[in-house]
S.K.: 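To start, I am sharing the structure in question, which I have written as structure tokens.
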Amino acid sequence: MQGFNVLFPFGFHATGEPILGVVERLKKGDEAQKKVLLREGITEKDIEKFKDPKYIVRFWQKRIENDANSLGLSVDWRRKFTTIDPTFNRFIEWQYNYLKRKGYVIQATHPVVWCPHCNSPTGDHDRLTGEGESPIEYIIIKFNFDGKILPAATLRPETVFGVTNIWVRPDAEYVIAEVDKEEWIIAESAIAKLKDQLHHVKEKGKIKGKDLIGKYVENPVTKNKVIILPASFVDLNNATGIVMSVPAHAPYDWIALEDLKKTDALHKEYGINIKEIEKIKPIKLIDTPGFVDLPAKQMCSIFSVSSQLDKDQLDKSTNEVYKKEFHQGILNANTGKYAGMQVSKCKKELAQDFKKQGIASSIWELTGKVVCRCTTEAHVKILENQWFLKFSDPEWKRLARKCVDQMKFYPEEARKQFEEIIDWLEDKACARKSGLGTRLPWDPEWIVETLSDSVIYMAFYTISKYINEYNIEPHYLKEEVFDYIFWGKGDPKKIANKGISEELLKKMREEFDYWYGQDMRASAKELIPNHFTFSIFHHVAVWPNEPKRWPKAYTINGMQQMNGQKMSKSKGNYITIQEAIEKYSADAMRITLMDSTEGMDDPDWTEKATIAWKNKLDSIYRLVKENYGKGKGESNLDKWLVSRMQEHIKAITEHLENVRTKSAVTVLHLMLNDIQWYLRRGKKGKALDYSLEVFVKCLSPFTPFICEEIWQEMGKKGFVSKSDWPKADKEINKEILQLEEFVKKLCDDLNEVIKLAGKKDKLYLYVASPKEFDYYKEAKEFLQKEFGFKQVNIEKAAEAKHDPEGKAKRAKFGKPGIYLE
RNA sequence: GCAGGAGUCGCCUAGCCUGGUCAAUGGCGCCAGCCUUAGGAGCUGGUUCCUUAGUGGAUACGCAGGUUCAAAUCCUGCCUCCUGCACCA
């Protein structure tokens with residue numbers, strides 16, 4: 001409508017696991033899965049066919065195409081494709097070969113949450129329990145134990161300087177195992193973990209926990225000899241099952257030592273003299289504002305912890321100490337060369353140093369229990385040689401930031417988030433071993449995963465039209481073909497092949513050049529940290545020197561809610577597009593959704609609002625039909641309406657430019673209100689046709705179907721959707737706008753007075769300004785009709801004194817005003 | 001926990017950047033009147049409380065403070081909600 005060519009393409013993303021998941025579940029006879037399909041209107045008989053992934057893709061593709069058309073989306077279907085089409089696979093191969101050459105695809109080793117039964121990573125959505133839990137690295141400090149190693153695992157390696165003893169579980173059986181040529185004593189559960197974390201582990205024997213107690217080990221950092229003591233709080237399923245004790249800074253350790261002092265169990269069971277315990281002196285090694293005493297002791301008393309069985313309070317106080325010391329703590333003289341450093345700064349460095357010296361190692365644990373869907377408990381595995389996108393690359397980040405700087409965001413609030421994400425983003429695994437998608441050309445056992453093959457596909461739309469039209473076979477889409485189309489690189493004469501002529505090649509290049517980059521992409525806010533941002537990264541990587549190919553604007557919306565709740569298949573609180581259209585019409589659905597919110601808030605859909613819109617659209621239809629073409633002549637009122645419409649046109653145009661659909665709909669209401677007021681005022685002049693045309697045009701992007709109908713009823717040729725968008729190019733008469741406001745105000749006042757004084761027959765209006773006087777005179781009939789007066793007298797206030805009848809009134813009302821009798 | 005966004009008169013929303021024109025925009029709902037054979041249709045009016053011939057006042061924009069002649073709007077603290085936190089679409 002604004003005279004631009006618009007490309008609105010539509011494709012189908014089939015990459016990943018979900019489709020195969022459906023197939024799998026159907027093959028297993030999963031009833032819930034069947035139910036979902038039945039709810040979509042698929043017959044029992046047809047469900048068989050859904051065991052073929054290609055059929056699933058075709059089925060939904062057709063369904064979605066139909067939905068898009070029913071909604072009135074003007075999609076260019078010549079360009080459609082799916083991400084599992086072999087021609088698209090060639091495009092992704094081209095993209096990834098390039099990124100690898102550029103050094104943006106790298107191989108790396110990384111910890112993942114792993115199900116040993118499924119033999120694959122366990123994503124958040126694959127878990128029975130433990131959503132949100134993630135890998136965390138425990139540092140293992142290798143305490144010397146008679147040539148063997150007692151590996152104590154800790155999240156606070158800096159506290160190694162304050163170790164006074166080691167904790168083990170007396171009732172447990174530990175394993176003696178050969179770990180990377182050393183002999184370690186560890187909990188049994190640690191073996192599988194260490195094996196999956198790049199350690200060579202061989203079980204050699206067993207040793208009882210209580211047999212360790214009372215023995216001494218050497219702290220590899222301080223060379224101090226410390227005693228091994230029993231503690232019940234040690235969790236054998238966490239890390240190595242060996243814990244170092246730092247009573248100055250760890251509430252658990254502090255209280256466990258206190259517990260030991262209280263009984264003579266130690267002496268009775270292990271023959272350890274109580275004096276051994278009493279001589280243990282906590283070593284404070286971190287100074288933190290707010291901690292005067294020993295931090296562990298202080299926290300235990302604040303949280304009134306009385307024994308190591310007081311788990312809840314202990315966890316709270318541990319967290320508190322950890323947080324405070326991590327953020328504000330400074331290492332003191334007890335820490336040798338690290339003295340004076342902030343805990344938050346030195347933690348990593350210190351662990352690295354210890355590892356280098358061979359006195360530390362690490363074991364990855366989960367932040368909480370994770371159980372895979374297959375009911376197996378997951379642990380952390382270090383996955384080797386996985387393929388990553390190197391989003392950490394500073395130059396790549398720099399270009400991404402530059403792109404964001406040039407972009408527009410609707411709403412603008414989203415920009416900050418993008419900037420934040422780019423800074424925060426680390427290397428991202430870009431391939432998996434299962435699912436649908438494109439195989440990495442150089443390492444075909446890996447498949448490009450779904451968030452990594454959906455980042456520059458928009459460029460593919462510019463040529464998919466020709467691929468579809470000429471039925472180009474995938475093997476003709478060689479690397480140099482894409483090089484030429486997307487970069488203009490090479491000589492088309494030489495690149496042309498049997499499947500793609502030189503002429504066609506040039507056409508594809510031209511088409512790409514004409515359309516790309518994308519002017520606007522719209523999606524939901526949860527895609528900001530991944531999809532949207534990745535797309536920026538990939539664009540700047542593929543076209544580093546051509547900012548004009550980069551994304552220009554993103555529109556970000558909230559997630560559709562239904563009656564205040566998130567729509568979900570399991571809750572069943574959703575409606576299919578077909579159902580909605582049949583029940584409420586596409587127009588009513590469209591405008592209700594556009595009207596529900598804008599920006600990043602979650603829009604809420606309610607049936608009530610939709611029905612209200614449906615009725616309103618009906619009445620709009622009648623209103624236009626009854627009034628269009630009925631106007632003749634021009635009065636001040638026409639000037640008023642035209643002036644009002646100019647303001648509305650400006651407003652709605654600006655709102656739509658900024659993708660504020662709800663605000664735009666509000667303007668439609670205002671237009672309608674003004675047209676209705678104009679009609680109420682009585683005289684139908686030439687502003688009527690003009691305003692109705694403007695209104696229908698402005699409404700048409702929201703409700704195209706009924707607007708085309710109305711347009712035809714109006715006797716217009718062609719489509720309203722192809723007509724020119726209204727311009728605010730008519731005069732705005734500010735004076736008349738003001739005068740009409742006075743009339744409205746007068747009506748309000750009259751309403752008020754009549755309400756209080758009751759209905760009257762005569763209205764006397766004394767007006768001071770000559771302009772108002774003239775204007776009110778024109779409104780005389782209207783006032784009479786509107787309020788049912790038998791007589792309306794409008795007089796200039798100054799002249800009223802010549803009116804004998806008005807004398808008495810003037811005496812009462814000396815000033816301009818209203819008088820009823 | 002970290003990051004981003006938000007809390008407005010029954011509900012949804014505008015306003016906040018650039019303080020006053022804000023009892024605060026528009027819609028929905030509700031109430032009344034009109035129209036109509038009828039109406040979940042349409043039209044008109046009302047919709048914080050008190051007061052009033054078209055007025056004046058009180059209380060209001062998550063909570064608590066502060067700045068200012070003046071705050072929904074600026075500042076500080078707190079509470080609540082939404083979104084994301086990765087190998088998953």
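In what follows, chains carry the letters A, B, and so on, assigned in the order in which the sequence lines appear, proteins first and then strands, with residues in each chain numbered from 1.
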S.K.: For the residue pair Arg590(A) and Phe702(A), would you count it as a cation-pi contact if the rule is NZ or CZ under 6.0 angstrom from the ring centre and within 45 degrees of the ring axis?
M.R.: no

S.K.: Check whether Gln386(A) reaches the backbone of Gln107(A) with its side chain - one donor and one acceptor, N or O, closer than 3.5 Å.
M.R.: no

S.K.: Where the side chain of Lys525(A) is defined as all heavy atoms beyond and including C-beta, which of rA89(B), rU83(B), rG4(B) is the nearest nucleotide?
M.R.: rU83(B)

S.K.: Is the backbone N or O of Ile706(A) less than 3.5 Å from a side-chain atom of Asp587(A), with the two atoms forming a donor-acceptor pair by type?
M.R.: yes

S.K.: Does anything in residues 613-628 of chain A reach RNA chain B, meaning a heavy atom under 4.0 Å, and if so which residues?
M.R.: Asn615(A), Ser619(A), Arg622(A)

S.K.: When you match Phe391(A) and Asp595(A) each to their closest nucleotide on RNA chain B, which lands nearer the 5' end?
M.R.: Asp595(A)

S.K.: In whole angstrom, give me the gap between the C1' atoms of rC63(B) and rA72(B).
M.R.: 14 Å

S.K.: With a cut-off of under 6.0 Å to the ring centre and 45° to the axis, is Arg660(A) in cation-pi contact with Tyr410(A)?
M.R.: no

S.K.: Check every strand shown and say whether Leu451(A) touches a base, only sugar-phosphate, or nothing at a heavy-atom separation below 4.0 Å.
M.R.: base

S.K.: Does any nucleotide pair with rC85(B) by Watson-Crick or G-U wobble geometry, both distances under 3.5 Å, and what is it?
M.R.: rG1(B)

S.K.: Roughly how many Å is it from CD in Glu654(A) to P in rA14(B), rounded to a whole number?
M.R.: 16 Å

S.K.: Between Phe537(A) and Phe391(A), is the ring centre distance below 6.0 Å?
M.R.: yes

